[in-house]
Amino acid sequence: MENKKAQPQKNKTPKKKRLSKKARRRRRVRIAIVTLPIVIVVLAAAALIGSAVLFRVEGFSLSGEGRYDGDEIVSASGIDIGDCLMWINLNKAEDRITKKLPYIETVTIKRKLPHTVSIEYKQAKVFYGVCVDGTWALTDTKYKVIELLDSEPENVSQKIKFPKAKTFEPGSVAFDVKDGEESPLDTYKNLMAEAEKTSLKGKITGADVSNPTALTLTYDGRITIKLGAFADISDKLKLAAGAVENEDRVDSSEYGTLDASITDEAYFRPGTKKSETTSEERTTAEISPEQAVE
């Protein structure tokens with residue numbers, strides 16, 4: 001047989017597999033999923049770096065009236081020239097101002113691009129005279145301590161006595177309350193809410209919640225109303241309201257003490273303008289619920 005020469009085999013290059021449209025789409029999605037977070041991080045870093053360089057605080061715009069000058073307000077905010085405008089925590093800056101400068105009631109801070117911080121503020125309105133454990137202070141309508149005093153204030157809408165507080169200083173007042181107990185401030189608020197439902201509304205000029213078992217209100221700056229504990233407070237207040245409203249029970253210009261701590265009767269003891277201390281010689285008038293509402 002004739003030997004045939006072996007033919008040299010050609011090197012075959014494997015053909016690339018052609019992907020379907022669906023497969024190509026899935027591949028692009030996978031690539032996007034991997035690269036997109038990287039792109040976002042890079043862009044965010046660039047934005048942060050850019051804002052730190054471009055938006056620097058160069059000045060302040062202040063609007064408001066009060067006892068503090070602009071430099072004091074800016075200093076209290078904690079914001080400095082050169083700070084990054086975009087990185088400022090506006091809420092914390094506002095809190096710093098109202099705590100360090102208690103005569104400011106509200107403050108609003110805004111960014112004014114590219115380089116200005118806007119500060120709008122409102123002066124606190126003195127409303128309450130508050131006594132805590134023998135120390136008097138002025139507070140605003142939200143009970144924030146504005147100023148500590150050496151003596152009892154005169155020209156305030158209400159005078160309130162509280163027990164010893166955990167914190168009592170310009171900027172704040174806080175009580176140490178155990179679990180399940182009510183804050184003295186909440187006791188006062190609830191007492192006032194009940195009083196506002198009666199004819200005493202708008203005429204309460206003082207309150208004493210320093211002892212939760214011996215609550216008192218001052219009516220029209222001249223009558224101390226003893227209420228005892230908070231139990232049955234609605235009935236006690238109705239009895240007291242009826243007594244002071246009925247002039248043949250309590251004269252409209254009379255000073256004294258009205259004991260309404262028992263819901264079925266009340267006692268009025270006249271006093272003097274300077275002192276509410278009962279005189280032994282003075283007459284005690286007994287007022288029943290029926291008489292109070294006659």
Side-chain angles (χ1 to χ4, degrees), residues 55-162 164-175 183-186 188-189 192-193 196 201-209 218 221:
F55 302 113
R56 294 284 185 181
V57 177
E58 294 183 0
F60 298 86
S61 171
L62 286 89
S63 175
E65 295 181 357
R67 62 172 56 195
Y68 306 112
D69 61 35
D71 290 339
E72 288 178 293
I73 295 172
V74 170
S75 177
S77 74
I79 303 172
D80 297 318
I81 296 294
D83 287 350
C84 175
L85 190 64
M86 306 306 294
W87 294 359
I88 295 171
N89 189 318
L90 302 183
N91 291 332
K92 287 186 176 180
E94 291 169 353
D95 289 341
R96 284 193 292 266
I97 290 176
T98 54
K99 287 181 179 179
K100 292 182 179 180
L101 306 177
Y103 267 94
I104 290 181
E105 183 174 6
T106 60
V107 60
T108 302
I109 301 178
K110 298 179 181 179
R111 302 179 182 89
K112 293 181 69 175
L113 298 177
H115 304 298
T116 304
V117 175
S118 170
I119 303 177
E120 298 179 1
Y121 59 93
K122 179 182 178 183
Q123 179 163 312
K125 179 183 178 182
V126 175
F127 194 83
Y128 298 105
V130 170
C131 180
V132 172
D133 198 29
T135 301
W136 284 94
L138 299 176
T139 77
D140 63 10
T141 56
K142 297 179 180 178
Y143 313 100
K144 184 185 75 171
V145 177
I146 297 174
E147 181 181 352
L148 296 178
L149 304 174
D150 295 327
S151 59
E152 182 177 346
E154 292 299 327
N155 299 319
V156 291
S157 296
Q158 281 189 25
K159 296 178 183 179
I160 312 169
K161 291 185 178 181
F162 290 109
K164 187 176 182 179
K166 180 180 179 181
T167 304
F168 187 55
E169 59 188 20
S172 65
V173 57
F175 297 93
S183 164
L185 183 56
D186 288 333
Y188 164 75
K189 291 179 180 179
M192 288 301 300
E196 290 291 300
K201 182 178 181 179
K203 299 284 281 185
I204 300 299
T205 56
D208 188 341
V209 295
T218 303

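By convention here, the first residue in the shown sequence is residue 1. Computed over heavy atoms, backbone and side chain alike; hydrogens, waters and symmetry mates excluded.
- Counting all heavy atoms, side chain and backbone alike, Pro102 lies closest to Gly171 at CB-N, 3.9 Å.
- Atom CG of Asp69 has more than 12 heavy atoms from other residues, nucleotides or ligands within 6.0 Å.
- Taking each heavy atom of Gly221 and Thr205 in turn, the nearest pair found is N-OG1, 2.9 Å.
- Side-chain contact check for Val156 versus Val130: every heavy-atom pair is 4.5 Å or farther apart.
- Ser75 places no side-chain N or O within 3.5 Å of a backbone atom of Glu72 that could act as its donor or acceptor partner.
- Here the OG1 atom belonging to Thr218 is positioned 9.0 Å from the NZ atom belonging to Lys159, to the nearest 0.5 angstrom.
- To the nearest 0.5 Å, atoms OH (Tyr121) and CD (Glu65) are separated by 8.0 Å.
- Between the Glu196 side chain and the Ala193 main chain, no donor and acceptor come within less than 3.5 Å of each other.
- Exactly one residue among Lys144, Lys125, Glu147, Gln123 makes a side-chain hydrogen bond (donor to acceptor under 3.5 Å, both in side chains) with Tyr103. That residue is Glu147.
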Working for side-chain contact (heavy atoms from CB on, under 4.5 Å), residues Val107 and Leu101: CA-CA 11 Å; Val107 60; Leu101 306 177; over 6 Å; no

Derivation and outcome, side-chain contact (heavy atoms from CB on, under 4.5 Å), residues Phe162 and Phe168: CA-CA 11 Å; Phe162 290 109; Phe168 187 55; over 6 Å; no

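- Tested against Phe60 for a side chain to side chain contact (heavy atoms under 4.5 Å, CB included), the candidates Ile79, Ile73, Thr116 yield a single pass: Ile79.
- Shortest non-hydrogen contact noted between Ser183 and Phe175 is OG-CD1, 4.0 Å.
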Residues Leu113, Met86; criterion side-chain contact (heavy atoms from CB on, under 4.5 Å); working and verdict: CA-CA 9 Å; Leu113 298 177; Met86 306 306 294; 3.7 Å; yes

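- The line from OG1 of Thr108 to NZ of Lys122 is 11.0 Å long, rounded to the nearest 0.5 Å.
- Distance CG/Asp83 to CZ/Phe55: 15.5 Å, rounded to 0.5 Å.
- In this structure, Pro184 and Val209 approach most closely via the heavy-atom pair O-CG2, 3.8 Å.
- In plain terms, the two heavy atoms of Arg111 and Ile88 that are nearest each other are NH2-O, 2.8 Å.
- Counting heavy-atom neighbours within 6.0 Å of Glu152 CD, excluding the residue itself, gives a total above 12.
- A donor-acceptor pair under 3.5 Å is absent between the side-chain atoms of Tyr128 and the main chain of Thr139, judged by distance alone.
- More than 12 heavy atoms of other shown residues, nucleotides or ligands fall within 6.0 angstrom of atom NZ in Lys100.
- To the nearest 0.5 angstrom, Asn89 atom CG is 9.0 Å from Glu94 atom CD.
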Verdict with supporting geometry, Asn155 and Val126, side-chain contact (heavy atoms from CB on, under 4.5 Å): CA-CA 9 Å; Asn155 299 319; Val126 175; over 6 Å; no

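- Annotation: the span from Ile160 atom CD1 to Met192 atom CE amounts to 8.0 Å, rounded to 0.5 Å.
- The nearest pair of heavy atoms linking Leu85 to Pro114 is CD2-O, 3.5 Å.
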